[in-house]
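Residue numbers begin at 1 in each chain, while the letters A, B, ... track the order of the sequences.
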Amino acid sequence: MAVADHKACIVGVGESEFTKWGGIMDRSQFQITAQAIAAAIKDAGMTAADIDGFASFADDSNNAPLMAVALGLPQTRWSSMVWGGGGGGSIAALSQACAAVESGLANAVVVYRGLCQGQFRRFGRFGQGRIHGNFVYPYGLFAPSMFLSLMMRRYMHLHPQITHEHMCEIALNARSNANRNPKAVMHNRTLSRDEYFAGRWIAEPFRLFDCCLETDGACAVIVTSRERARDLDGPAIDILGALHGSGPGWGSGPLGSQNMPDADYASTNSKYMAKELFELAGISPSDIDVAQIYDHFSGLVLMALEDYGFCAPGESGEFVASGAIRWPDGKMPINTSGGQLSEAYVHGMNLLIEGVRQLRGQSTSQVEGAKTCLVTGGLGVSPTSGTILRSQS
Amino acid sequence: MSFFPADMPRPEPNYDDEGFWKNYAEKRLCFQACGDCGALRHPPTPICHACHSVEVTWLEAPSTGTIYSYNVVHHAGHTAVESALPYVGALVEFEGFPGVRLVTNVTDVDPAAMQIGMRVNLWWDDIGEGMFIPRFKPA
Ligand SMILES: [Zn+2]
């Protein structure tokens with residue numbers, strides 16, 4: 001066996017339709033998640049008998065042992081769940097699938113997430129039982145927009161050259177990419193600069209279009225070894241690295257009492273991990289052709305461009321204003337499906353699938369000749385996560 | 001009358017933060033510190049991150065603090081706040097209390113006048129049932 005044969009790759013992706021929150025009420029959240037997984041298994045050219053593991057995150061209620069029964073798996077060898085209530089764990093779940101496959105503890109692991117916010121709860125509102133809710137709820141801070149806007153204000157204070165024009169560019173880029181993607185919830189809705197600035201405030205400095213959608217949908221990705229992938233028909237996408245973790249002192253971070261260290265407060269909590277990710281992948285930020293950067297809030301994408309080393313601290317505004325992130329001519333187009341600002345909010349799993357589509361040459365905003373794609377998990381939380389994917393061709 | 005209506009979510013003390021709320025009930029803004037090495041920590045945790053001691057003391061913060069960051073909330077994330085919109089959420093630091101910050105509100109302020117670095121003074125908001133919550137006004 002060649003040295004790299006045990007390394008993990010992605011061989012299948014599947015997703016449900018995406019709708020505005022509350023849009024999927026005719027089937028259960030569990031059912032659309034099972035259907036997305038079934039679609040991913042089919043896309044991989046596999047059967048249920050080939051799958052023996054599950055990994056998820058964000059307190060996903062689509063129970064893996066039940067999923068194994070529902071889908072008819074003959075034997076399960078891996079199931080794991082990443083701590084944290086949101087998208088920070090998306091690529092962390094992928095990293096667990098890689099660990100399972102590369103160690104030989106499982107043959108093929110499904111990474112999945114399904115959420116129907118009409119059937120359970122909306123993420124943009126008060127929810128009972130948040131960790132450290134005692135320290136934020138009595139002050140009227142209930143939802144991520146209200147937590148992360150504090151961090152964004154501090155970031156803009158430290159870097160006064162960052163303005164709403166730059167946040168607007170993140171929103172407009174997402175929307176124009178969504179307008180080319182028929183699956184995007186905002187496919188038929190254009191967005192202009194004037195409309196962005198006319199958007200109502202949610203929590204200053206975030207306006208309406210700085211905030212991700214609230215949607216229903218499910219996504220699944222199949223991870224197996226390169227050796228097993230060779231027996232399949234489809235193109236495998238190599239995972240050069242998938243990491244998750246946190247800097248010191250984050251805990252509930254901005255979602256709780258906001259007591260992260262001063263040096264990292266106004267950041268995505270990714271910079272230490274990002275450095276290790278590029279070292280692991282053996283490439284540098286300038287080698288990345290296209291990126292899917294977790295866009296729960298426009299401003300965190302700016303921070304991520306800095307923390308992942310695409311530009312120096314405080315220079316992300318200038319970077320995006322230069323057209324660098326725009327399809328097709330920018331030097332690194334980002335969020336080419338429309339991202340979570342304009343395609344759908346599936347806690348980052350739709351970003352991972354778009355990363356795979358780019359490297360298969362199947363995006364509706366295809367970056368010509370794209371060979372490498374960075375995909376990040378949720379930003380500014382703990383854990384956060386990221387992966388670098390590469391096409392084999 | 002409290003700053004937010006009565007149906008606002010209240011702190012629900014648990015094993016690990018009970019002592020914190022006891023101080024609030026007596027209108028004392030205290031942070032938790034290690035009883036052995038003195039390291040400050042917030043939110044309360046049952047073991048010291050620096051020396052793993054479980055001894056605890058409570059240190060009272062000054063009644064004037066400095067704005068580390070702030071936001072202006074315009075969207076009602078809960079029905080209780082609808083009548084209070086917009087309001088200012090804030091993160092406050094205190095001299096002599098390195099490494100800990102308090103999420104709170106700044107009241108009696110024009111949101112447009114908010115600045116990082118501005119000084120704010122503590123006031124106690126009576127939220128009923130013997131509990132008080134620290135909020136701040138411009139100094
Ligand atoms: Zn100690």
I'd like to know whether CD of B:Glu12 has more than 12 heavy-atom contacts from other residues, nucleotides or ligands below 6.0 angstrom. no

How far does CG of A:Leu141 sit from NE2 of B:His78, to the nearest 0.5 angstrom? 13.0 Å

Within the structure provided, determine whether A:Asn134 and B:Trp21 are in side-chain contact (heavy-atom separation under 4.5 Å). yes

Should we say atom NZ of A:Lys271 is surrounded by more than 12 heavy atoms from elsewhere, each under 6.0 Å from it? yes

Where on B:Pro86 is there a heavy atom nearer than 4.5 Å to chain A: the side chain, the backbone, both, or neither? neither

Is there a side-chain contact between A:Phe135 and B:His42 in this structure, where contact means two heavy atoms from C-beta onward sitting under 4.5 Å apart? yes

I'd like to know whether CD1 of A:Ile131 has more than 12 heavy-atom contacts from other residues, nucleotides or ligands below 6.0 angstrom. no

Ignoring hydrogens and angles, tell me if any N or O in the side chain of B:Ser69 forms a donor-acceptor pair with the backbone of A:Arg154 under 3.5 Å. yes

Non-hydrogen side-chain atoms of B:Arg135 and A:Tyr139 separated by less than 4.5 Å: yes

Atom group of B:Ala80 that falls short of 4.5 Å from chain A, counting heavy atoms: neither

Taking all heavy atoms of B:Met8 and all of A:Phe142, pick out the closest pair and write down the distance. CE-CZ, 3.5 Å

Honestly, the part of B:Pro134 sitting under 4.5 Å from a heavy atom of chain A is both

Tell me, out of A:His157, A:Met152, A:Met151, A:His132, who's got the most heavy-atom pairs with chain B below 4.5 Å. A:His157

What part of B:Asp17 gets closer than 4.5 Å to chain A, counting heavy atoms only: side chain, backbone, both or neither? side chain

I'd like to know which of B:Ile133, B:Leu91, B:Val100 tops the heavy-atom pair count under 4.5 Å against chain A. B:Leu91

Non-hydrogen atoms of chain A under 4.5 Å away: do they reach the side chain of B:Phe4, the backbone, both or neither? side chain

Structural part of B:Val73 lying under 4.5 Å from a heavy atom of chain A: both

Report the residue from A:Arg207, A:Glu204, A:Arg200 that forms a side chain to side chain donor-acceptor pair (under 3.5 Å) with B:His74. A:Glu204

First locate atom CG of B:Asn71, then atom CD1 of A:Ile202, and finally report the distance between them rounded to the nearest 0.5 Å. 12.0 Å

For A:Gln161, I'd like to know if atom CD has over 12 heavy atoms of other residues, nucleotides or ligands within 6.0 Å. yes

Can you find a pair of side-chain heavy atoms, one from A:Asp262 and one from B:Tyr68, that are under 4.5 Å apart? yes

Using non-hydrogen atoms only, which part of B:Ala76 is less than 4.5 Å away from chain A: side chain, backbone, both, or neither? backbone

I want to check something: taking the side chain as every heavy atom from C-beta on, are A:Met146 and B:His75 in contact at a cut-off of under 4.5 Å? yes

Taking everything shown except A:Arg189 itself, do over 12 heavy atoms lie less than 6.0 Å from its CZ? no

Side-chain touch A:Tyr265/B:Arg101, heavy atoms, less than 4.5 angstrom: yes

